[in-house]
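Have a look at the structure below, then the notes.
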Amino acid sequence: MTTTELTGQPFPEGFLWGGATAANQFEGAWDADGKGASIQDVMPRGISTGPTDEPTLDNLKLEGIDFYHRYSDDIALFAEMGFKVFRFSIAWSRIFPNGDELEPNEAGLAFYDRVLDECEKHGIEPLVTISHYETPLHLAKTYDGWTSRELIGCYERYARVLFERYGKRVKYWLTFNEINSVLHAPLMSGGIWTPKEKLSKTQLYQAIHNELVASASATKIAREVAPDAKIGCMILAMPTYPLTPDPADVWAARYAEHENYAFGDVHVRGAYPGYYLRKLRDQGIELEITDADREVLKNTVDFVSFSYYMSVCETADPAKRIVGEGNIMGGAKNPTLPVSQWGWALDPVGLRIVLNDYWERWQVPLFIVENGLGAKDELVEIDGVKTVDDSYRISYLRDHLEQVREAIADGVNLLGYTWWGPIDLISASTAQLSKRYGVIYVDRNDDGSGTLERYRKKSFFDYQQIIRSNGASL
Ligand code: BGP
């Protein structure tokens with residue numbers, strides 16, 4: 001019997017509480033110390049409009065929130081909250097400015113050494129995403145991103161350098177952020193320069209295949225050069241409910257879920273599932289899949305991580321398919337759920353559903369590596385101290401963690417929970433700063449003004465209390 005079973009304590013000892021970030025959304029210093037441009041540096045409006053040809057100054061990501069220079073103070077704030085884990089990504093173009101060089105940029109590598117030094121100083125476990133929506137721009141423009149097999153070799157070289165350099169210091173690794181989102185945001189997720197409307201299905205599914213091979217290949221390399229490393233895949237989880245009990249709607253929902261399950265199935269089982277192969281056949285998509293690829297895919301992951309923000313509905317009836325706003329993927333709007341200021345459905349129970357679903361399906365440890373609320377905040381002064389009274393964020397956090405507690409009691413094996421954007425950063429989909437997720441406020445506005453000063457919001461203290469009590473204060 002485990003301690004949890006004996007004591008009934010919901011969150012197991014050693015549960016990894018923390019926060020998650022991505023380099024392109026908060027580091028800034030977009031061209032410092034030899035860094036090359038990434039696709040994000042030419043996406044000043046997020047995914048809503050096409051990229052610019054060159055980086056432009058109206059792009060908030062170029063300066064971010066200047067984590068590049070303030071990492072030491074920021075990590076100290078995370079430590080003050082009691083973080084056990086800090087998820088960050090490595091900017092590929094800091095290490096390989098163009099992406100296809102043979103030798104890495106030492107100044108870029110040294111930056112992450114310094115970040116890891118700070119984590120170690122505070123006893124915080126790093127959780128590193130190798131590729132988080134920040135493909136080097138050169139790879140996007142020259143090879144059309146992941147549509148080309150050339151990227152597999154570039155990524156393998158990059159991953160090997162990371163495992164060799166940091167493999168003794170970093171235990172938890174994620175190969176690609178939200179790998180399934182390439183279906184919906186091919187430039188941001190797959191570095192694919194061809195506009196979405198001109199991209200053929202064959203190109204898109206070949207890109208997916210190339211990424212899956214690269215991901216499994218990274219796992220293989222890690223086993224050789226960093227044997228203590230634990231490698232995870234990362235999926236954008238969005239439970240999909242049938243809009244009505246009509247079996248046709250139930251199947252439509254399952255069909256939509258298959259689009260997400262497929263990525264976990266390949267990562268956990270090491271081969272394409274039948275329903276996926278059938279979809280390719282039905283749509284006349286012929287991919288280049290070599291025998292060597294099939295062998296590489298057998299290098300399966302140690303755990304499955306995912307982001308969870310919202311759920312959607314699906315229906316077989318196009319007339320009823322009123323597409324709601326939401327995180328990257330579409331779907332039909334759920335009439336029973338309230339939505340955030342950005343139209344994302346608020347559904348804490350959906351998190352329990354995903355946890356149970358993934359655990360039952362894959363039987364490998366899970367890790368919630370993103371969950372959070374993007375909202376407009378107002379900085380106020382209370383007793384001479386600047387703060388944000390963000391009771392809405394506290395409710396979101398608590399409501400979701402209560403469902404996590406339920407899922408653990410249901411028997412789900414969960415490694416940890418990292419709140420998305422513990423410090424305000426730039427939104428991936430809209431490139432705004434006003435869509436704030438942080439429990440730490442950053443004084444920067446959508447027009448680029450602000451001092452970049454940091455202030456603790458009310459949620460900072462609430463999350464601190466939750467972590468200190470290992471969830472007992474929920
Ligand atoms: C996920 C991404 C993150 C993050 C988050 C919030 O899809 O992995 O990078 O940004 O969503 O989304 P947004 O920033 O669009 O509000």
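Both ligands and their constituent atoms are indexed starting at 1 by order of listing. We number each residue from 1, following the sequence as shown.
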With a 4.5 Å limit on heavy-atom distance, are the side chains of R454 and D74 in contact? yes
Please classify the W342 to ligand 1 contact at 4.0 Å (heavy-atom distances, strictly less than): side chain, backbone, both or neither. neither
Contact atoms of ligand 1, heavy-atom distance to Y437 under 4.0 Å: 6 (C), 12 (O), 13 (P), 16 (O)
For ligand 1, which atoms have a heavy atom of S427 less than 4.0 angstrom away? 13 (P), 14 (O), 15 (O), 16 (O)
Does N177 approach ligand 1 within less than 4.0 angstrom via side chain, backbone, both or neither, non-hydrogen atoms only? side chain
For ligand 1, which is the ligand I care about here, please tell me if S429 has any N or O atom under 3.5 Å from one of the ligand's N or O atoms. yes
Within the side chain of D347, is there an N or O that forms a donor-acceptor pair under 3.5 Å with the backbone of M310? no
Please report whether ligand 1 has a polar contact with M234, defined as an N or O pair separated by less than 3.5 Å (distance criterion only). no
Could you tell me which atoms of ligand 1, counted from 1 in the order shown, lie closer than 4.0 angstrom to a heavy atom of H132? 3 (C), 8 (O), 9 (O)
Would you mind finding which of E370, R436, K435 brings a heavy atom closest to atom 8 (O) of ligand 1? E370
Taking only residues two or more places apart in sequence or in another chain, which ones pass side chain to side chain contact (heavy atoms under 4.5 Å, CB included) with T52? V42, P44, T56
Is it true that the NZ or CZ of R165 lies under 6.0 Å from the centre of Y112's six-membered ring and within 45 degrees of the ring axis? no
Can you give me the closest heavy-atom contact between N98 and P136, atom names plus distance? O-CB, 3.5 Å
Is it the case that ligand 1 has an N or O less than 3.5 angstrom from some N or O of W344? no
Any salt bridge (Lys or Arg N to Asp or Glu O under 4.0 Å) pairs touching residues 426-436, not counting sequence neighbours? D424-R436
When every non-hydrogen atom of E259 is compared with those of L183, the smallest separation belongs to OE1-CD1, 3.9 Å
